[in-house]
Amino acid sequence: TNIAIPQDWFLITGEKVLSKSGVARYNQILSGFKHALEISKPYIADGFAVVWNCSFGGFGVHDEISQVISEAEGLGIILVAAAGNSSGAGVYFPATHPSTIGVGALDSNSIIAEFSSRGADVDLAAPGVNIWGADHSESGTRHSSGTSMASPIQTALIMLMMGANPEIKNKTQLLDYINANITDLGIEGEDNDYGRGATFMDKYPFLTTKKTPAKKRKEEEIPKEEKV
């Protein structure tokens, strides 16, 4: 599917909380969440939708991170998180937090990947097997598998949905919109493998029938640290 999106719809920034080997301490992740919250606030005040992708996680719950996540949801920020790659061992935090949308990984046949975490905290499933993307290797790209690949794909779809439907202001309204055209996978209804199902692009009318111009902040209004 070819989709034309006005370039000024989205500003994408990143928070580096993991080392090159993919490891981080909770205090590093907490600092990243706090910084993301602060740079998001001016956009929220201007009426923009803000969506966070969290392609990391682990077992256990961190109270201070949980507080920041709850604050973010209270401001209308949508949080999307990788469910984890534990197979049957359970879903990772922060995907277990009630304010987040936990995402499992699908293979090319829309079957849940063997490695994808299962549990009641899986909300949606998106492609996450053999996904081509950027990498810190010499070539700069590689094919990877994991819910850390599925989560940003789901995040991108949510950004499109909210860009085309500015009336969506929070997680509840977003899930109501998603549920109207969800593709149910696995057993009928919501389950621990696929959650509600998958948001396949051809099922959502915003791709072809609705065009809503987005607001654009003037260049001089964007703090230097936010520019990418």
Side-chain angles (χ1 to χ4, degrees), residues 3 5 8-15 17 29-30 32-57 65-84 91-105 120-128 147-182 190 194-201 203-207 210 212 214-215 217 226 228:
I3 310 168
I5 301 297
D8 59 356
W9 271 30
F10 307 117
L11 172 70
I12 301 175
T13 65
E15 293 289 334
V17 297
I29 296 172
L30 176 61
F33 269 109
K34 287 182 174 179
H35 184 251
L37 185 62
E38 289 308 308
I39 66 172
S40 296
K41 287 178 179 178
Y43 291 94
I44 296 167
D46 283 349
F48 285 77
V50 177
V51 186
W52 291 357
N53 172 63
C54 305
S55 285
F56 55 83
I65 294 176
S66 294
Q67 291 172 8
V68 177
I69 291 173
S70 296
E71 183 180 354
E73 187 195 21
L75 293 173
I77 297 172
I78 304 298
L79 297 95
V80 186
V91 176
Y92 292 169
F93 176 84
T96 53
H97 193 286
S99 295
T100 65
I101 296 173
V103 183
D121 294 304
V122 175
D123 295 295
L124 299 169
T147 56
S148 287
M149 284 75 245
S151 184
I153 289 175
Q154 186 63 64
T155 300
L157 286 170
I158 288 172
M159 290 169 67
L160 290 172
M161 292 175 188
M162 298 188 73
N165 297 275
E167 68 275 10
I168 298 175
K169 299 296 185 183
N170 54 50
K171 177 187 173 185
T172 299
Q173 294 172 350
L174 173 64
L175 290 178
D176 286 344
Y177 176 79
I178 286 174
N179 286 339
N181 293 285
I182 195 78
E190 190 170 352
Y194 301 88
R196 291 170 170 79
T199 55
F200 292 134
M201 299 171 75
K203 299 293 184 181
Y204 291 86
F206 70 85
L207 293 173
K210 190 169 185 177
T212 304
K215 296 180 181 179
R217 291 180 75 186
E226 297 180 38
V228 294

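Below, each value reflects all heavy atoms present in this structure, side chains not excepted, and no hydrogens, waters or symmetry copies.
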Engineer: If you measure from OG1 on T155 to CH2 on W52, what distance do you get to the nearest 0.5 Å?
Structural biologist: 12.5 Å

Engineer: Which atom pair, heavy atoms only, marks the closest approach of V122 to E190?
Structural biologist: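 That closest heavy-atom pairing would be O-OE2, 4.4 Å.
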
Engineer: Take L75 and S40 through the side-chain contact (heavy atoms from CB on, under 4.5 Å) test and state the conclusion after the steps.
Structural biologist: CA-CA 10 Å; L75 293 173; S40 296; over 6 Å; no

Engineer: For S55 and S148, indicate whether the former's side chain and the latter's backbone hold a donor-acceptor pair under 3.5 Å.
Structural biologist: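 The answer is yes, because a donor-acceptor pair under 3.5 Å joins these two groups.
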
Engineer: Work out which heavy atom in A126 is nearest to a heavy atom in I153; give both atom names and the distance.
Structural biologist: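 Where A126 meets I153 most closely, the heavy atoms are CB-CG2, 4.4 Å.
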
Engineer: How long is the span from the CG atom in L174 to the CG atom in N170, to the nearest 0.5 Å?
Structural biologist: 8.5 Å

Engineer: Rounded to the nearest 0.5 Å, what separates atom CG in D123 from atom CG in D121?
Structural biologist: 7.5 Å

Engineer: Quick one: sort the F56 and F33 rings into parallel, tilted or perpendicular, breaks at 30° and 60°.
Structural biologist: perpendicular

Engineer: Using 0.5 Å steps for rounding, measure from the CG atom of L79 to the CD1 atom of I69.
Structural biologist: 6.0 Å

Engineer: Under a 4.5 Å cut-off applied to non-hydrogen side-chain atoms, are S66 and F93 in contact?
Structural biologist: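 Yes. Closest side-chain heavy atoms under 4.5 Å.
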
Engineer: Does the side chain of T147 come within less than 4.5 Å of V103's, by heavy atoms?
Structural biologist: no

Engineer: Can you name the nearest heavy-atom pair linking G102 to A95, along with the distance?
Structural biologist: CA-CB, 4.0 Å

Engineer: Quick check: closest heavy atoms across K171 and I78, and the distance to 0.1 Å?
Structural biologist: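 For K171 and I78, the tightest heavy-atom pair comes out as N-CD1, 3.4 Å.
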
Engineer: Please report the closest heavy-atom contact between G197 and I182, naming both atoms and the distance.
Structural biologist: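 Of all heavy-atom pairs spanning G197 and I182, the closest is C-CD1, 3.8 Å.
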
Engineer: Heavy-atom distance under 4.5 Å between the side chains of H35 and V17, does that happen here?
Structural biologist: no

Engineer: Which value, rounded to the nearest 0.5 Å, describes the distance between I65 atom CD1 and C54 atom SG?
Structural biologist: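 It comes to 9.5 Å.
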
Engineer: Restricting to non-hydrogen atoms, name the atom on L37 and the atom on V68 that form the minimum distance, rounded to 0.1 Å.
Structural biologist: CD2-CG1, 4.1 Å

Engineer: Look up atom CD in Q173 and atom CE in M162, then write down how far apart they are to the nearest 0.5 Å.
Structural biologist: 8.5 Å

Engineer: Are any of the side-chain nitrogens in E71 or K41 under 4.0 Å away from the carboxylate oxygens of its partner?
Structural biologist: yes

Engineer: Does the side chain of N53 come under 3.5 Å of the side chain of S151 through a donor N or O and an acceptor N or O?
Structural biologist: yes

Engineer: Taking side chain to side chain donor-acceptor pair (under 3.5 Å) as the test, write out the residues that go with T199, two or more places apart.
Structural biologist: Q154

